[in-house]
Amino acid sequence: MKDGFLRIASATPKIKVADCMHNAQAIIEHAKQAAAKGASMIVFPELCITGYTCHDLFLQRSLLETAEKALEKIIEETKELEAVIIVGLPVPVRGKLYNCAAVICRGEILGLPAKTYIPNYSEFYEVRHFTPASKEIQTTKIAGQYAQIGQPMLFSCENMREFCFGVEICEDLWTPEPPSGMLAKNGALIIANLSASDEVIGKADYRRMLVKSTSARLISAYVYSSAGQGESTQDLVFSGHNMICENGAMLAQSKRFTTGVIYADIDLQKLESERRRANTYEVSDDLVYFKSFDLNPPVLGLNRNISKTPFVPESKTNLDERCEEILTIQATGLATRIEHTNVRTVVLGLSGGLDSTLALIVAVHAMDMLGRDRKDIVAVTMPCFGTTKRTKSNAEVLAESYGVSFRDIDISKAVMQHFQDIGQSPDCLDVTYENGQARERTQVLMDIANKTGGFVIGTGDLSELALGWATYNGDHMSMYAVNSSIPKTLVRHLTAFEADRCQGNLRDALLDILDTPVSPELLPPNDGEISQKTEDLVGPYELHDFFLYYFVRFGFTADKIFRMAKIAFKDEYDDETIRKWLSTFIRRFFSQQFKRSCLPDGPKVGTVTLSPRGDWRMPSDAHATAFQLS
């Protein structure tokens with residue numbers, strides 16, 4: 001296991017009811033197949049050694065003894081595999097029969113977690129045969145070994161701390177207080193469920209929802225393996241519906257009414273990080289049986305989808321729904337602030353770039369929510385040395401199309417006077433040359449807000465905050481920053497979403513803005529074209545948003561983020577380019593915290609935000625040494 005990734009498998013072999021040796025061979029073949037593909041944990045269905053539908057045959061000594069021999073065969077023939085294998089079988093102990101999961105690894109039975117809740121309703125009559133798990137761990141001899149049986153039981157890998165799991169069986173999941181809750185609170189990051197869930201109309205959807213929601217509630221991976229072909233169809237049909245979920249996300253799912261193996265690479269470090277963040281996730285001090293084991297799984301290429309845009313849903317339908325929701329959150333936040341302050345206007349700088357365009361869209365939605373005249377929005381364009389005709393024209397079209405108040409204030413003379421006052425040569429295109437313009441624009445906006453009885457809406461986005469790509473006491477400052485938790489990649493999609501709903505000149509302007517290079521336009525243009533392109537200076541925003549998401553949201557190391565980025569962007573950037581901009585991100589993120597420590601108010605939209613009053617609190621003088629690439 002590297003970087004917390006672990007490959008797990010859910011397997012359903014085609015069995016023969018009560019033919020334990022045949023079933024053992026099928027289990028062995030599937031286990032070897034899964035181990036050969038790098039699976040470190042392989043989960044089989046409930047009672048798969050005997051078959052779930054044996055009914056009163058479970059009371060026959062011949063079946064129980066043959067099941068024990070089959071388990072011994074499985075242990076012997078899988079002892080060379082670098083994998084934990086979990087198989088279901090009936091286990092007799094002291095005159096009682098338990099529905100168990102045999103957890104085996106390298107020829108050893110690690111334990112026999114037993115089913116806690118025994119159903120006896122509708123089509124289920126298990127109480128006729130099985131006893132609920134004893135809360136006191138017992139010792140029994142089976143397959144030539146002494147092993148513990150009962151519940152709760154936890155299994156932890158000695159050389160992979162995060163690889164800690166527990167087991168529950170079928171009905172346990174469907175109850176008000178499943179064993180998995182206690183197991184997770186005691187440290188299990190993976191829950192394996194050996195199941196024999198028959199099919200009736202609508203049950204698959206409910207089962208799917210149950211597995212996903214349980215993995216989310218427990219902040220765990222959940223491996224669900226269900227009985228399938230070969231089970232008796234005398235009264236029931238079993239589909240072999242297997243699933244692997246991680247914190248509410250379905251990573252892999254089998255096609256129903258088939259057999260075979262499904263795989264997923266789960267991220268145990270991600271799960272552990274989520275639990276650390278959630279201080280309401282209780283750690284239990286219940287008495288739980290712990291068993292440790294050693295395993296040395298291979299380091300594999302990841303069999304896991306890693307999106308290039310973690311802030312943006314990949315599905316068009318989901319993306320449209322997300323964009324609608326985000327715009328509503330932003331507009332609601334702004335509308336509430338407008339009502340509370342009872343201002344006559346809101347003022348924003350409209351450059352014709354992406355961020356100010358989104359801020360205008362949000363302001364328009366907010367005024368519409370309040371039933372107020374859009375003329376109460378004062379959009380100000382402030383051309384100076386780097387302004388191009390393209391962006392200025394788009395700003396004019398936006399203001400006219402949305403029906404907002406518009407002012408065109410050329411700040412060139414004011415900036416030149418300022419340069420003269422401080423002794424700055426206009427031929428020296430340094431940071432003073434750039435920031436002098438940015439601060440003059442903010443002064444103009446603030447004074448117009450005072451003059452019109454309003455406040456200034458900030459336009460800067462989350463990506464710029466992460467990189468510190470803002471002028472301190474310039475565009476860095478406002479009275480309400482509507483884009484403060486919107487990363488640049490999402491700003492682009494929100495603008496595109498608005499364009500899809502518009503027509504005519506407004507749609508054309510929005511599409512052209514989407515096609516315009518991101519720039520603060522603080523340096524003179526070349527032949528009328530933008531000369532200062534932000535991504536040439538600080539790096540591609542799609543990379544920085546990727547770095548930001550995994551660094552802040554999950555606390556991943558730079559090495560892990562680098563590994564994931566190489567997979568996600570393998571067709572766009574070479575390794576050296578990714579390494580270069582990741583190093584830049586870490587350096588700037590640490591050096592620019594002082595700007596984030598005094599941010600204006602703004603609405604939280606997603607799970608990643610850098611507000612010092614909310615999700616991100618960091619000393620401005622923290623060192624980045626321990627966080628850089630190795």
Side-chain angles (χ1 to χ4, degrees), residues 205 208-209 211-213 215-217 219 221-222 243-253 264-267 270-271 273-274 277 302-333 354-355 357-359 361-362 365 461-466 482-502 510-511 513-514 518 540-554 556 561 564-565 567-573 602-610 615:
D205 288 338
R208 191 178 297 112
M209 178 273 293
V211 171
K212 289 178 66 177
S213 62
S215 74
R217 179 174 55 83
I219 312 180
Y222 201 98
M243 293 170 277
I244 302 175
C245 290
E246 179 187 282
N247 197 17
M250 183 71 72
L251 299 186
Q253 181 175 193
D265 290 356
I266 60 173
D267 189 343
K270 182 177 178 181
L271 294 171
S273 171
E274 285 291 81
R277 283 167 53 91
L302 289 180
N303 178 26
R304 181 183 175 100
N305 176 52
I306 300 176
S307 172
K308 293 185 291 186
T309 54
F311 288 104
V312 183
E314 294 182 325
S315 161
K316 180 65 166 67
T317 300
N318 291 343
L319 178 57
D320 287 348
E321 292 175 355
R322 180 74 59 84
C323 287
E324 180 69 47
E325 182 179 19
I326 290 170
L327 287 173
T328 302
I329 293 172
Q330 289 178 279
T332 300
L354 270 175
D355 290 341
T357 296
L358 178 58
I361 292 168
V362 171
H365 285 224
D461 63 50
L462 179 65
S463 305
E464 293 176 343
L465 291 175
V482 294
N483 295 338
S484 58
S485 65
I486 312 293
K488 189 75 76 178
T489 47
L490 192 52
V491 170
R492 183 171 295 280
H493 284 283
L494 289 166
T495 306
F497 174 73
E498 179 76 0
D500 286 344
R501 302 192 296 183
C502 299
L510 290 171
L511 292 176
I513 289 166
L514 286 166
V518 177
Y541 275 118
E542 62 178 348
L543 280 178
H544 286 308
D545 284 357
F546 185 91
F547 304 152
L548 170 65
Y549 181 80
Y550 288 108
F551 183 79
V552 172
R553 182 69 178 82
F554 299 110
F556 287 171
I561 295 171
M564 295 171 66
I567 296 170
F569 294 96
K570 62 180 182 299
D571 296 326
E572 281 78 22
Y573 304 102
K604 177 178 178 178
V605 171
T607 55
V608 177
T609 178
L610 296 173
D615 293 54

### Pair Asp267-Phe556, side-chain contact (heavy atoms from CB on, under 4.5 Å): steps then yes or no
CA-CA 11 Å; Asp267 189 343; Phe556 287 171; 3.3 Å; yes

### Query
For Glu314 and Asn305, what are the C-alpha separation, side-chain angles and deciding distance, and is it a side-chain contact (heavy atoms from CB on, under 4.5 Å)?
CA-CA 11 Å; Glu314 294 182 325; Asn305 176 52; 3.5 Å; yes

### Task
Please test Lys308 against Glu542 for salt bridge (charged side-chain N to carboxylate O under 4.0 Å, His left out), starting from the C-alpha separation and ending with a verdict.
CA-CA 7 Å; Lys308 293 185 291 186; Glu542 62 178 348; 5.4 Å; no

### Task
Report the C-alpha distance between Leu327 and Ile361 in whole Å, list the side-chain angles of each, state the deciding distance to 0.1 Å, and finish with yes or no for side-chain contact (heavy atoms from CB on, under 4.5 Å).
CA-CA 8 Å; Leu327 287 173; Ile361 292 168; 4.2 Å; yes

### Task
Starting from the C-alpha separation in whole Å, work towards a yes-or-no answer on side chain to side chain donor-acceptor pair (under 3.5 Å) for Glu464 and Asn483.
CA-CA 10 Å; Glu464 293 176 343; Asn483 295 338; over 6 Å; no

### Query
salt bridge (charged side-chain N to carboxylate O under 4.0 Å, His left out) between Glu321 and Lys316: does it pass, once the steps are laid out?
CA-CA 9 Å; Glu321 292 175 355; Lys316 180 65 166 67; over 6 Å; no

### Task
Let me see the working for Thr489 and Asp545 under side chain to side chain donor-acceptor pair (under 3.5 Å), right down to the final yes or no.
CA-CA 7 Å; Thr489 47; Asp545 284 357; 2.7 Å; yes

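Between the CZ atom of Arg277 and the CD1 atom of Ile219 there is a distance of 9.5 Å, given to the nearest 0.5 Å. Distance check: Leu251 CG to Asn303 CG gives 10.0 Å after rounding to the nearest 0.5 Å. One finds the CZ atom of Arg304 at 8.5 Å from the CD1 atom of Ile266 (value rounded to the nearest 0.5 Å). Atom NZ in Lys488 sits 11.5 Å away from atom NE2 in His544 (nearest 0.5 Å). In this structure, Leu462 CG and Leu490 CG are separated by 9.5 Å, a value rounded to the nearest 0.5 Å. Atom OG in Ser463 sits 7.0 Å away from atom CZ in Phe311 (nearest 0.5 Å).
When every heavy atom of His365 is checked against every heavy atom of Ala331, the shortest pair comes out as CB-CB, 3.7 Å. Scanning all heavy atoms of the two residues, the minimum distance from Ser485 to Val605 falls at OG-N, 2.9 Å. Among all heavy-atom pairs drawn from Arg492 and Leu514, the shortest one is NH1-O, 2.6 Å. Heavy atoms only, all atoms of each residue included: Ala499 and Leu511 are closest at CB-CD2, 4.0 Å. Scanning all heavy atoms of the two residues, the minimum distance from Asn318 to Pro313 falls at CB-CB, 3.9 Å.
You'll find the side chain of Glu498 stays beyond 4.5 Å of the side chain of Thr357, heavy atoms only. With contacts defined as side-chain heavy-atom distances shorter than 4.5 Å, the pair Thr609/Ser484 does not qualify. When side chains are defined from C-beta on, Tyr222 does not count as touching Glu246, because their heavy atoms never get closer than 4.5 Å. No side-chain heavy atom of Lys212 sits less than 4.5 Å from a side-chain heavy atom of Met243. Here the side chains of Tyr573 and Pro540 are in contact, with some heavy-atom distance below 4.5 Å. Arg322 places none of its side-chain heavy atoms less than 4.5 Å from the side chain of His493. A 4.5 Å side-chain heavy-atom check between Asp205 and Met209 finds every atom pair outside the cut-off. In this structure, the side chains of Leu358 and Ile486 come closer than 4.5 Å at one or more pairs of heavy atoms.
Considering only residues two or more places apart in sequence or on other chains, Ala466 meets the side chain to side chain contact (heavy atoms under 4.5 Å, CB included) condition with Leu548, Phe585, Phe589, Leu610. Listed by chain and residue number, Phe546, Tyr549, Tyr550 satisfy the side chain to side chain contact (heavy atoms under 4.5 Å, CB included) test with Pro310 (two or more places apart in sequence, or in another chain).
Using a cutoff of 4.0 Å between basic side-chain nitrogens and carboxylate oxygens, Glu274 and Arg553 are scored as salt-bridged. With salt bridges taken as basic N to acidic carboxylate O contacts below 4.0 Å, one links Glu324 and Arg501.
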